[in-house]
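Basis for what follows: all heavy atoms, side chains included, without hydrogens, waters or symmetry-related copies. Order of the sequence lines fixes the chain letters, A, B, ..., with proteins taken first and strands second; residue numbering starts at 1 for each chain.
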Amino acid sequence: MVTMAKVILPGGEAVEAQGIPFLDLLGPRAKGAAGALWNGKLLDLREPIPAEGETRILTLADPEALEVLRHTAAHVLAHAVTRLFPGTKLAIGPAIADGFYYDFLFPEPISHEDLPRIEEEMRRIIAEDLPLERVWLSRQEAEDLLRERGENYKLELLAEIPGDRISFYRQGEFLDLCRGPHLPSTGLVQHFKLLDLAGAYWRGDPNRDMLTRIYGTAFPTAEELEKYLKWREEARRRDHRTLGPQLDLFSIQNDMIGAGLVLWHPKGARIRRLIEDFWVAEHYRAGYQLVYTPHIGRSRLWQTSGHLDFYRESMYAPIVIEGQEFFLKPMNCPFHIAIFKTKTRSYRELPLRYCELGTVYRFERSGVLHGLLRVRGFTQDDAHIICRPDQVEEEIKNVLRFALYILRAFGFTAFTAYLSTRPEKFIGNPADWERATEALRQAAEAEGLAYEIKAGEGAFYGPKIDLEVQDSLKRPWQLTTIQFDFNLPERFDMTYIGPDGREHRPYMIHRALLGSFERFLGILIEHYGGAFPVWLAPVQAVVLPVSKNEVPYAEKVAALLEAEGIRVEAWTKEGKTLSWLVREAQMQKIPYILICGPREVAEGKAALRLRTGEDLGPQPLPEVIARIKAASAQRTQAL
RNA sequence: GCCAGUGUAGCUCAAGGGGUAGAGCAUCCGCCUUGUAAGCGGAAGGUUGCCCGUUCGAGUCGGGCCACUGGCUCCA
């Protein structure tokens, strides 16, 4: 008996067919169809219907078809480029999370000004509604064709494709090595935009050619494209590099002080101190002990730790004094280990959890510096847990739970974990690795965390789990990292005396929850759009007099709030109208604006305006104080 | 480090294809005495990122540094 395959049409109707291409089956109904989904695999509509199973025809509206749309958009881009810039060599052009890109080697450099021209040519190709045809060539034919065209990158790709049937796609005069799938015709790519121009190494290898990458995006509808562009605009508006100086939180004065070195202004420092206080209190509560260690250490230390052998290019040059070499610390671990080693340790003391807000310096290459997110001097919220093998599971579980607790306090609610396992080159014994990796896995599961395994991506010294959070714009950021270290305990010969009276090697876990204060502040600024929750707002309330007659009252109100522990300012400078002051307070995103006019003075109240623009009218002062305190205790953006 | 681009007053931006720089806001000084997102006037503020070069003359053209932006590689 022959089982026919089932094809589900966009309307939901099921048809039985096999062997013939989808497009033949669909006929006129192919309009708007983008691809087919069979066993979770995207198929091209030109392919024959599989012999068995169920296939669903996708329209552009199906989320699964987005990839096909964008991949085809990338081909349209490449097509346009070959028309406008003859002699351009093609590399690769995949769909990515937010759109697509295509890498080219242009005969002459191009710039952003060329993007509109390219878009225009793309529109032409789309208007021509060229059918995309799949062409199968033998390996020899493919090689001859690519060689004749001088497509060196494609030849390199070809060499890695197995088999003798090589898939190409043709649209009009444009032919590209590609395994598809693609939309039936270029006319289906309606809503697209070229976004950026960037350099990219061929195959990501810094030793190979630097290509020009053109980024773009495409959506099935104009609304979705518009929404995406708006989102990008909003993200730009929230950029911490704009908001930071605007809100007077920090500056980076590269000319005078140096690239990647951050100045924390009073308001930024205020936020930082609030985070630090919270962090330290919570760490003591969780059984950590705070330590302080120096910023520099002798070369012997870094020799022993192995940093001079493996990490030197990321370290600042040595400071030589009295014939000794000192290095700025790029990490805190060796110092914490040194504290551990000051005496003979008993198994009864473990686990030891040393935490430190440790400032480190790393010589990051100039091209990678980026606002607060990538700097050269930064303070990690670091800790090292030194424990017995039998304590590993419990410790890891606690660290992970602790990390989630801390991150949630900052309004992060969506997390993804990445579990990186043993790489090819590793040190330590496989049994330890297995145990550690298992502990990480179990902890993630115990917390109900979605995690992805990055096989072989662990550091050479141990497996790790990283937490990625999403900010309020759903952008991912990696903050927390929890790493095992099988290297340093060995190198520093760390031991403790077990119940058997003999020396044993402890496990060491390195972890940072917020990552670094610099990066974290940058992320927080963007996450909150500068409108910090009350507990973190550098100025929580501002008191504005309507005229100079109310200045004394405004100052009295401010003093009253200050006595209640509220961070408040009275803005009493002359020559500014109330409107001006309100505007200024709004732009500073101060949560509460207290306005005092003759009415409020008479009634002993303050008119309360929220950062949101909401005007609550005159309120008795005790109520205002209670409201601010309650909001602060909540640690949310609610006012 | 690499590719492309950018660098003008504290900030945001102007200065037709070379003729020694302008505006708004902020700042300061006056006036106004203000009721919920910019009251009015005036002053001050720049060796146009830095250094060479071409030119009678460079913000503008060329070269080299420095820094930043978008990426790549790397990373807290």
**Q** Between A:Lys548 and A:Thr572, do the side chains contain a donor N or O and an acceptor N or O under 3.5 Å apart?
**A**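 Absent: no donor and acceptor within the cut-off.
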**Q** Quick one: on RNA chain B, does A:Phe378 or A:Gln586 contact a more 5' nucleotide (nearest heavy atom)?
**A**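 The 5'-side residue here is A:Gln586.
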**Q** For nucleotides B:G1 and B:U73, find the distance between their C1' atoms and express it as a whole number of Å.
**A**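 Rounded to whole Å, the distance is 9 Å.
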**Q** Taking the P atom of each, how far is B:U20 from B:G57, in whole Å?
**A**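 Each nucleotide's P atom is 14 Å from the other's.
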**Q** Which is true for A:Pro598 with a 4.0 Å heavy-atom rule: it touches a base, it touches only sugar-phosphate, or it touches nothing?
**A**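 The residue A:Pro598 makes base contact.
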**Q** Describe the nucleic acid contact of A:Gln478 in one word from base, sugar-phosphate, nothing, applying a heavy-atom distance below 4.0 Å.
**A**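 The answer is sugar-phosphate, as A:Gln478 gets under 4.0 Å only of primed atoms, P, OP1 or OP2.
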**Q** For A:Arg213, which contact category applies under a 4.0 Å heavy-atom criterion: base, sugar-phosphate, or nothing?
**A**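 Sugar-phosphate only.
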**Q** Does a side chain donor of either A:Asp248 or A:His265 reach within less than 3.5 Å of an acceptor in the other side chain?
**A**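 Their side chains do contain a donor-acceptor pair, which is all the 3.5 Å distance test asks for.
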**Q** Looking at the rings of A:Phe106 and A:Phe85, which for Trp means the six-membered one, are their centres under 6.0 Å apart?
**A**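 Yes, the ring of A:Phe106 comes within the 6.0 Å limit of the ring of A:Phe85, centre to centre.
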**Q** Looking only at the side chains, is there a donor atom on one of A:Asp466 and A:Thr481 sitting less than 3.5 Å from an acceptor on the other?
**A**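 Side chains of A:Asp466 and A:Thr481: pair found under 3.5 Å.
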**Q** Should we say atom CD of A:Glu160 is surrounded by more than 12 heavy atoms from elsewhere, each under 6.0 Å from it?
**A**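 More than 12 heavy atoms, drawn from other residues, nucleotides or ligands, come within 6.0 Å of this atom.
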**Q** Using the P atom on both, measure B:U54 against B:C75 and round to a whole Å.
**A**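 These two P atoms come out 47 Å apart once rounded.
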**Q** Does a salt bridge link A:Arg353 with A:Glu395, judged by any charged N lying under 4.0 Å from a carboxylate O?
**A**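 A:Glu395 and A:Arg353: salt-bridged.
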**Q** Could you list the residues that satisfy salt bridge (charged side-chain N to carboxylate O under 4.0 Å, His left out) with A:Asp239, not counting sequence neighbours?
**A**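 Partners of A:Asp239 under the salt bridge (charged side-chain N to carboxylate O under 4.0 Å, His left out) test: A:Arg241.
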**Q** Checking all strands, does A:Gly367 fall into the base, sugar-phosphate, or nothing category for heavy-atom contacts under 4.0 angstrom?
**A**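 The residue A:Gly367 makes base contact.
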**Q** If the C1' atom of B:C50 is compared with that of B:G7, how far apart are they to the nearest Å?
**A**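 Each nucleotide's C1' atom is 11 Å from the other's.
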**Q** At 4.0 Å (heavy atoms only), tell me whether A:Thr577 reaches a base, stays on the sugar-phosphate, or touches nothing.
**A**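 The residue A:Thr577 makes base contact.
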**Q** In whole Å, what separates the P atom of B:G49 from that of B:U8?
**A**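 6 Å, rounded to whole Å.
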**Q** Students often get this wrong, so: under 4.0 angstrom with heavy atoms, is A:Glu600 touching a base, only sugar-phosphate, or nothing?
**A**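 Counting heavy atoms under 4.0 Å across all strands, the contact made by A:Glu600 includes a base.
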**Q** Relative to the 5' end of RNA chain B, which residue comes earlier, A:Ala259 or A:Leu608, by the nucleotide with the nearest heavy atom?
**A**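 That would be A:Leu608.
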**Q** For A:Leu581, report the nucleic acid contact type (base, sugar-phosphate, nothing); a contact means any heavy atom under 4.0 Å.
**A**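 No contact.
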**Q** Check every strand shown and say whether A:Tyr215 touches a base, only sugar-phosphate, or nothing at a heavy-atom separation below 4.0 Å.
**A**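 Sugar-phosphate, backbone atoms only, no base.
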**Q** Looking across every strand, which nucleic acid part, if any, lies under 4.0 Å from A:Val360 by heavy atom: base, sugar-phosphate, or nothing?
**A**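 Since no nucleic acid heavy atom lies under 4.0 Å of A:Val360, the category is nothing.
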**Q** Would you write out the dot-bracket form of RNA chain B, 5' to 3', with Watson-Crick and G-U pairs under 3.5 Å, [ ] for crossing pairs, | for pairs to other strands and . for unpaired bases?
**A** (((((((..((((.....[..)))).(((((.......))))).....(((((..]....))))))))))))....
**Q** Is A:Gly515 touching bases, backbone alone, or none of the nucleic acid, heavy atoms closer than 4.0 Å?
**A**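 If one applies the 4.0 Å heavy-atom cut-off, A:Gly515 turns out to touch the sugar-phosphate alone, with no base involved.
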**Q** Could you tell me whether A:Asp196 contacts a base, only the sugar-phosphate backbone, or nothing, with contacts defined as non-hydrogen atoms closer than 4.0 Å?
**A**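 Counting heavy atoms under 4.0 Å across all strands, the contact made by A:Asp196 is with sugar-phosphate only.
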**Q** Quick one: label A:Ala585 by what it contacts on the DNA or RNA (base, sugar-phosphate, nothing), any heavy atom closer than 4.0 Å.
**A**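 The answer is nothing, as A:Ala585 stays clear of every strand by at least 4.0 Å.
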**Q** Under the 6.0 Å and 45° cation-pi test, does A:Arg272 pair with A:Phe517?
**A**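 Satisfied, under 6.0 Å and within 45°.
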**Q** Do A:Trp231 and A:Glu233 meet the criterion of a side-chain donor-acceptor pair at a distance under 3.5 Å?
**A**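 Judged by distance alone, the side chains do not pair up.
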**Q** Please classify the nucleic acid contact of A:Ile593 as base, sugar-phosphate, or nothing, using heavy-atom distances under 4.0 Å.
**A**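 Nothing: the residue A:Ile593, judged by heavy atoms under 4.0 Å, touches no strand.
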**Q** For A:Gly575, which contact category applies under a 4.0 Å heavy-atom criterion: base, sugar-phosphate, or nothing?
**A**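 Touches a base.
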**Q** Roughly how many Å apart are B:A38 and B:U47, using the C1' atom of each and rounding to a whole number?
**A**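 Looking at atom C1' only, B:U47 and B:A38 are 34 Å apart.
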**Q** Have A:Arg203 and A:Tyr201 got a donor and an acceptor in their side chains that come within less than 3.5 Å?
**A**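 Side chains of A:Arg203 and A:Tyr201: no pair found under 3.5 Å.
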**Q** Please give the distance between the C1' atoms of B:G59 and B:U27 as a whole number of Å.
**A**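 Result for the C1' pair: 25 Å, nearest Å.
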**Q** If you measure from the C1' atom in B:U60 to the same atom in B:G22, how many Å do you get, rounded?
**A**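 Nearest-Å result for B:U60 against B:G22 at atom C1': 16 Å.
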**Q** Assess, by modelled atom type and distance only, whether the side chains of A:Glu526 and A:His240 contain a donor and an acceptor separated by less than 3.5 Å.
**A**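 Checked: A:Glu526/A:His240 side chains pair up, N/O donor to acceptor below 3.5 Å.
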**Q** With heavy atoms of chain A within less than 4.0 Å as the criterion, where does contact along RNA chain B begin and end?
**A**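 Result: B:G1 to B:A76.
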